[in-house]
Structures are given as structure tokens and as C-alpha cells.
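Only one structure is covered here, and it is reproduced in the block below.
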Amino acid sequence: MLDKDGIAKRIAREIKDGFYVNLGIGIPTLVANYIPAGINVELQSENGLLGMGPFPFEGEEDADLINAGKQTITTLPGSSIFDSALSFGMIRSQKIDLTILGAMEVSENGDIANWKIPGKMVKGMGGAMDLVASAKNIIVAMQHVNKAGESKLLPKCTLPLTGVNCIKKIVTELAVLDVLPGGGFKLIERAPGVSVDYIRQATTGKLFADDDVPEMIFD
Amino acid sequence: MLDKDGIAKRIAREIKDGFYVNLGIGIPTLVANYIPAGINVELQSENGLLGMGPFPFEGEEDADLINAGKQTITTLPGSSIFDSALSFGMIRSQKIDLTILGAMEVSENGDIANWKIPGKMVKGMGGAMDLVASAKNIIVAMQHVNKAGESKLLPKCTLPLTGVNCIKKIVTELAVLDVLPGGGFKLIERAPGVSVDYIRQATTGKLFADDDVPEMIFD
Amino acid sequence: MINKVVSGADEAISDIENGNTLMLGGFGLCGIPENCITALVKKGVKDLTCISNNAGVDDFGIGLMLQKRQVKKMISSYVGENAEFERQLLSGELEVELIPQGTLATRCMASGYGMPAIFTPAGVGTEVAEGKEVRNFNGKDYLMEYAFDADFAIVKAWKGDTAGNLIFRSTSRNFNPVMAMAGKITIAEVEELVEAGELDPDHIHTPGVFVHRIFQGANYEKRIEQRTVRTKN
Amino acid sequence: MINKVVSGADEAISDIENGNTLMLGGFGLCGIPENCITALVKKGVKDLTCISNNAGVDDFGIGLMLQKRQVKKMISSYVGENAEFERQLLSGELEVELIPQGTLATRCMASGYGMPAIFTPAGVGTEVAEGKEVRNFNGKDYLMEYAFDADFAIVKAWKGDTAGNLIFRSTSRNFNPVMAMAGKITIAEVEELVEAGELDPDHIHTPGVFVHRIFQGANYEKRIEQRTVRTKN
């Protein structure tokens, strides 16, 4: 069973040389720490930056330079700054190759719910609806089950949707799964030591698994 | 009867302090020479410049700095450069207070034809259709009659239209005329020495004239 | 050159009235018009509709206006951590319209570009789409969203000149340029106001034609919401 | 940093094929991709649809491609003074679609911004409106116009870096930034190519994400179409 860094590390292997990537808040942010050497990527922050660098050294924080999570960050050689409209313009026109974000629920047809829980204070969808509606390639990073022990991979989302038919791949502490074009989750890899049966029990949506699903490889 | 500079000089009196103005090719370009002292205006060139200055001194031409007529020009303090989409964005959102352009025909309901003569080589409308469709305030600078002696102020345009219901004022070598909201040309001023009857004869469209139409004043 | 300079925030916002719709630039607390917000709190103008990506924090940014109950409605994409905001929302004192961040930015841009409506795929199939026209282009569904219609846009830039031209610094640019284009009246506060001619025309982000009033602000706090650092090895 | 540098114009345009649709930046002869046009003439690729505000002059710019009969169709707002253009047009060898300049620019922008269509009042009530959807917003009629779909966009910038970021100089900016955003493949030629990190991120007009190939051009003629001057008193 993977910890959050393990999920991030596994997702990092999906990033190809030359990719522009948007990382959501939470586990997706950790992915930046595991991008393999020799793979050149540029991170987009939807508040208006391409080429996001690491956190600044202490004392070098710049209030004018933050990411979409409002964290102080840095630029890198090749960075560019732009306004919010152009930022979402490049997202809508699919110039961002990969979006990685968290989710509360994903359905077997690729719907995602990650912004609103009825009865709780709603903070807003931020840029998530734009990202999931536009990206060519979206990977969800999340726990396989919620705190109540219920599967987050469902036949149909129960929470208000963020986007429909958009998620292509899910990486959890248990598994890597593809969302099949015709519907259903296809088990691609198991976390080390996790059985197909265990994953099946944790997955309420339709699960397709071959007899010999390989364990994840990390490098 | 006015010459081209006279028409330009009369139009210049319509420009108010603080106006952003777009000047078309031909007589409108001359208007820049007659803007009264103490009136601050900024000229927009729709290829991407606000704050257009005069022609450069000989030897100081810059191939990268031209106006919409492809003439070498200069910038002024306060100038800004932008791309073509933003340029027409500010035109469409009516940030340009006044557009002055030439015409082949204007109809009594404010339609304008100035881009195409059937049977002749058509060069294109350039930015004219955008300008006439968007501007709050449009003044046409033109000769009252064409080379064949026919009126250019008509009940209805005979040439392909550039825009509909958009012209507010016309200044010719003979007169200043408003286009009335309900249709028809209202004679506002006569060129020095030109009679109302003379103007009436040169105007095929409906003309409204008071008994004592004043002569133009130039300063 | 058309001079846009006013004496300060108080003059700049003097004609903002109860019930007006304001756009306020900034993302989180980054690039917000601090001086104008202070002046709006001082003026005490009420029943405002505020279009802004976020709603500030309890004691800074739009949060200061919320504390004084000046805001009737917020139109935002994310309202963050703000206890007073949450209290007013749950008690029904405050109306909130949450819209996707890209839709928010593009509806501002549409206004500045004179486009009455735009199409975006954001929100298709979700509750955001309720009551909206859906249109298919090339096999993909889009929502038609309308340009905003704001009485005032209030933005904050790094540098500006007397002609109203603006230059933003780093990610404090965010929503400021698109909102600057979208106000019936646009007010810009800047950290440094220079004479026309001192800014390179090629570096200007917002041409002065969009800006109606400009002044040099004072005492910028530029508070950091999430101070994240690394340590040198 | 993602490196976008190619060896030169020949490599940059090597996969442009007969029948492709190209966007070419520039206004008149100002800011046109001179090196790529030369390479396209040399390559002899044919049956091109060219989206460009103008069509060059007889012996410069797109005029050079017209001379070689490489252009099947021009989509422009104004085709200026060009005898060979006129001859081909009148003889029916060349197809021409004239559209308003703002519509041209905005259809490029729409493509770069992922908006399938936009609304503009330009051309309402004229022959430009024929066959197009007219829609009324707030009492005013607008035409719905579609985003362009171009195989390649070819632009010319002043400076660029190895990551594909572009800075334009003065009014040679014109259509270049909006076309740079709109190509399936975008090729940028620059007068000066620098290392990533040498350009101020706040000064970049076109972020590198939109640019697929970049190279430093050579021998820029930058011809002036209308040399207008005044004399010192």
C-alpha cells in the first residue's frame, strides 16, 4: 500500500519529456518532487505562470510570486508570466499536456466529483472545472476509499460533478487504473503486496482485471 | 467650397479633450494636423498602437513602426503597443470615442459603403467593417458628389455596404450634415459661400434644412 | 497624452454607490487593490456585488469589506479560508455565485473585447450548466457564458504612467489586466506612478485607454497567504 | 525547460505539405516571417491556404509565393497593391476570402483561447454576413464567427528564447501573437535567439507553450512599404 509520496512517485512516471503539466493541490503537488532526471517538463500554475520552480529559500519569498495554491514559489529559466484569461486560454486550447488532480469520487465513465459536499461549506471549484473540461489527459491522484471506508471508484458519482467523461487514469494507494472508453475501470498495476481481490473489494465500480496484473515499478 | 484640408479642419473641431480617435486613410489622416491646441487626444492605429505621433524625421524611419496605412510613423509619450486582437477588442468595446473615415456612399439611415465597387478589383475592407460596427461616434469625411457628378448622400446605398445604421455625421466640401435617428440628412452648416439650394441639389437623399443654416466656423 | 491621474484612493472611488457592481483584481491576496479596499471600507458603501476570484481572508482584502457587511453578493471561483465569509454565507446574509476560474477570467475578457458572450466547456454536465445554453462544436459541448457588466473595475499594478498605462509584476498580474479592460469605469492603483513616456510601449500590459483613473498607492502590505520556503543545504 | 530550437527555416517548415493551411504573421510588410517565406518558396510546396492580413507586394512577402503559384487561397482583410495577385484573382487561379480585420484577428485569438466561435458586430447587414448566424445581445446584432483551424502558424518575433518565449518589437507585433497561439504547429523566427532565462518573464508576449519550433533568422530586409517622413525645421 502506497503512502502519498508513493502515489506521487508512480504518477511521475506518466510524465513524458516535453510535457507541460498542471498539478493540483495535495498529492499532485508532490509529483514535482519525483520527475525523473532527463525528463524536461514545465509546470503551469493557472494563476498565470509557466515554468514554476521550487519554493524560495527562506528570506527570499516574493509576495508577488505565488502558485495557484497561494504558496510562495520561484520561477525558472524559460518561465513566462501571463494573465488569468490567457492562462485558461492555453488550458482550453489543450496546450497543457497533462493535468493531475485530486478527487472525492470518480465514476466508471470518467466523471469526477471533487469540489462540493452538500451540507458542508462550499469553497468553490477554482480552476478545476476548466481543467477537467479541457485537458487531453487527466490523471486523478486519490485514496482508493474515503475516511468512512467507502470506495471512491463508483458506477456513478454521488456528489455534485466537476466534469463528465474526462478522467483517463487513476492512481491510488492500491492501484493504477485506466478508465475504459466504453466504461469501467481497468486494473493496470497493483501497489506492491496488494492483491487483485483486495482492490476489487475496494472498488464499487465495474473493475476489469487480467489474471496476472503486474506490481508497480518505480524506476 | 472646402478643399481636403478644409474638410479636415472642420472635422477637427468635433474632437473633444480626452478623446481616443481612429483616423482612416485619406482626408481623415489630415485631421491630425488641425487638432486645436489644448485639446489632448490620442490617435489609435488599428494595427496595434495608441498614441500615434507624426512621421519620423528623415533617416529615423523604423520599419517596425508603421500605422494602418503602412506609413512610417513615431510614438509619443504615453504610447502603448498591442496585438491586433486587443486592438479590435478595444474598438469593439467602444473605448475609441470617435472614428473618422472616408466613404463612397452614405444613405439617409446611416448606412455606409466604402470598400467595394462591383466589377472593379476589390482590395478588402481592412478594419473598416469592425470600426463602423462598433464605434459610438462616426464621422464620414468625403466629397459630396462623386467624379461623375452624382450625389454620394443617397436614400439608399447602391454599392455593397460596409455597415448599417452607423454614421452619425458627414462633413463634405459643401456642408456638415447629421444623420437623423429617424432617417434623413439634417443640414447643420454650409461651407463658406455655398447656398442651401446648392447643397440640396447635390444631395439625393432626404435633406432637412432650416431657413438660416449657418456657415462653418473654423476657430 | 490624456491625463488620468487622480489624487488618491478616496477621490478614485468617490462616485461608487450603494448597489454597484465592482470587479476587484487579484488572486488570493496577491495583486489586490489594497488602497481602494481601505477607501471603500472608510466610505462605507453598501450592497455591493463584488466580482473577484477570491474573497480575501478575515482581516485583509475583501474580507475587510465583509467584516463591515458591505458586500451583498460575491461572484468568485474560490472563497478560501474566511470565517466571517462562512458565517454570512450560512446565515444567508451573503449571496455567493461560484463559477469556474477560467469562466470568470474569460467573462471579464469578453467584456473588454466587446464580445457579448463566449463559449467554454467548463462546467458542462455539472450544476454550473443549469439554465445555460449548451452548444456543440466539432463534437464537443460548450456552455455559452455572458460578458460581465461591471460599474467599476478596481485593479492594482506595479507601475503605471499618467496616461493610464499599466505594467504588472510577476503573478500579481493574474485577473488585473482582464478586469482593467472590463469596467465601465476602471480605477488603477499602482506602486509607482511615472510620467508618460517613461514606460517602454512594448512592455505595457494594459493600454491606458482602458484606465479612467490612476494614482500611486501607499503603504502596501502585500501580505503572503501561504509562506512556503525551502532551506539551503 | 523544454527546448524548441531547430536549425533554421528549412528544418522548421520541412513537414509543411501541399494543401496545408498556414497562418502568416505580419501587417503589410511589417513583422512578416521573411526567412520562412523564403524557405517555403525554395521548397515549392503548393496549393496552400494562407491566412494573413495582407498578401505582400509583388516581389516581397507572400507575393513571392504568389509569383510561384504556391497559394490556392488567401484569407485576408486587405490585399493591397500587388499586380500578380490581381492577375491571378481576375483569372480565377487564386481564390480570395476577404474578412474584416478584427474578425480575422479574433478568429485567430479564439483558436488560441480554445473558444470554438466568437461574436462580432463587424459585417452585420453586409455581404460578409451571408450564410452566417446572426444573434442579438442587448439590442445589438452580432455575427457568429468560427475559430480558425490552421495546420501551421508562422510568426516573426524580435527576440525569442530556447524555451520558445517570444517578445515582439513595436507595431511588428500585430497579428503575430494571436497567430502564434493558433497553429496546430507554431513556427517562430526571431531576430535574436537567447538562452532561456535571459528574457524577463514579465516582458514575454507569447509564452513558449504555444511555440513548437524556434530559430534565429538571418538577413532581415524589413522592407518599408510607405516611407513617410517629415523634415526638420
Side-chain angles (χ1 to χ4, degrees), chain B residues 15-22 32 35 37-54 62 64-67 73-99 127 129-136 166, chain C residues 1-6 23 106-118 146-150 153 157 159-168 177-186 188 193-214:
Chain B
I15 296 176
K16 294 190 177 60
D17 192 41
F19 264 23
Y20 292 91
V21 181
N22 184 292
I35 294 167
I39 298 285
N40 293 299
V41 305
E42 282 192 34
L43 302 179
Q44 198 236 23
S45 190
E46 68 266 25
N47 57 317
L49 169 66
L50 263 171
M52 179 165 58
D62 180 347
D64 288 338
L65 181 50
I66 64 170
N67 65 16
I73 47 155
T74 55
T75 58
L76 292 172
S79 282
S80 58
I81 301 284
F82 34 85
D83 65 50
S84 300
L86 185 56
S87 184
F88 284 93
M90 68 180 68
I91 288 167
R92 270 197 308 268
S93 67
Q94 307 198 318
K95 303 296 176 183
I96 306 303
D97 300 288
L98 176 61
T99 286
M129 284 194 182
D130 306 275
L131 283 160
V132 301
S134 301
K136 287 178 281 199
C166 54
Chain C
M1 199 272 300
I2 300 167
N3 195 307
K4 308 291 180 78
V5 179
V6 295
M23 286 178 172
T106 313
R107 290 176 65 188
C108 293
M109 187 183 83
S111 181
Y113 275 81
M115 303 190 296
I118 56 97
Y146 293 94
F148 280 122
D149 192 20
K159 289 188 181 181
D161 71 17
T162 52
N165 294 302
L166 304 179
I167 293 179
F168 302 91
V178 285
M179 289 184 170
M181 296 191 300
K184 280 200 200 68
I185 301 287
T186 292
L193 181 64
V194 302
E195 289 299 315
E198 290 186 38
L199 303 179
D200 184 335
D202 285 340
H203 292 172
I204 288 164
H205 297 125
T206 299
V209 67
F210 292 111
V211 175
H212 301 83
R213 303 167 191 169
I214 190 168

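In what follows, every chain begins at residue 1, and chains take the letters A, B, ... in the order their sequences are listed. Values below: all heavy atoms of this structure, side chains included; hydrogens, waters and symmetry mates excluded.
- The two residues B:Gly78 and C:Asp161 make their nearest non-hydrogen contact at CA-OD2, 4.1 Å.
- Listed here is the closest heavy atom pair of C:Ile2 and B:Asn40: CG1-O, 3.7 Å.
- Note that NZ of C:Lys184 is 12.0 Å distant from CD of B:Gln94, once rounded to the nearest 0.5 Å.
- Scanning all heavy atoms of the two residues, the minimum distance from B:Pro77 to C:Ala196 falls at CB-O, 3.6 Å.
- In terms of the salt bridge (Lys or Arg N to Asp or Glu O under 4.0 Å) criterion, residue partners of B:Asp62 (sequence neighbours excluded) are, by chain and number, D:Arg169.
- Looking at B:Ile91, neither its backbone nor its side chain comes within 4.5 Å of chain C, counting heavy atoms on both sides.
- Residue B:Leu76 does not touch chain C at all, counting heavy-atom pairs closer than 4.5 Å.
- Contacts between C:Ser111 and chain B at a heavy-atom distance below 4.5 Å involve the backbone alone (N, CA, C, O).
- Closest heavy-atom contact between B:Ser79 and C:Ile204: O-CD1, 3.4 Å.
- Contact check for C:Pro207 versus B:Met90: side-chain heavy atoms found under the 4.5 Å cut-off.
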task = I would like to know whether C:Phe210 and B:Leu86 meet side-chain contact (heavy atoms from CB on, under 4.5 Å); could you show each step before the answer?
result = CA-CA 11 Å; C:Phe210 292 111; B:Leu86 185 56; 4.0 Å; yes
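- Looking at C:Met181, both its backbone and its side chain come within 4.5 Å of chain B, counting heavy atoms on both sides.
- Listed by chain and residue number, B:Asn47 satisfy the side chain to side chain donor-acceptor pair (under 3.5 Å) test with B:Ser45 (two or more places apart in sequence, or in another chain).
- C:Gly183 and B:Lys95 make their closest contact through O-NZ, 3.4 Å (heavy atoms, listed as atom of the first residue, atom of the second, distance).
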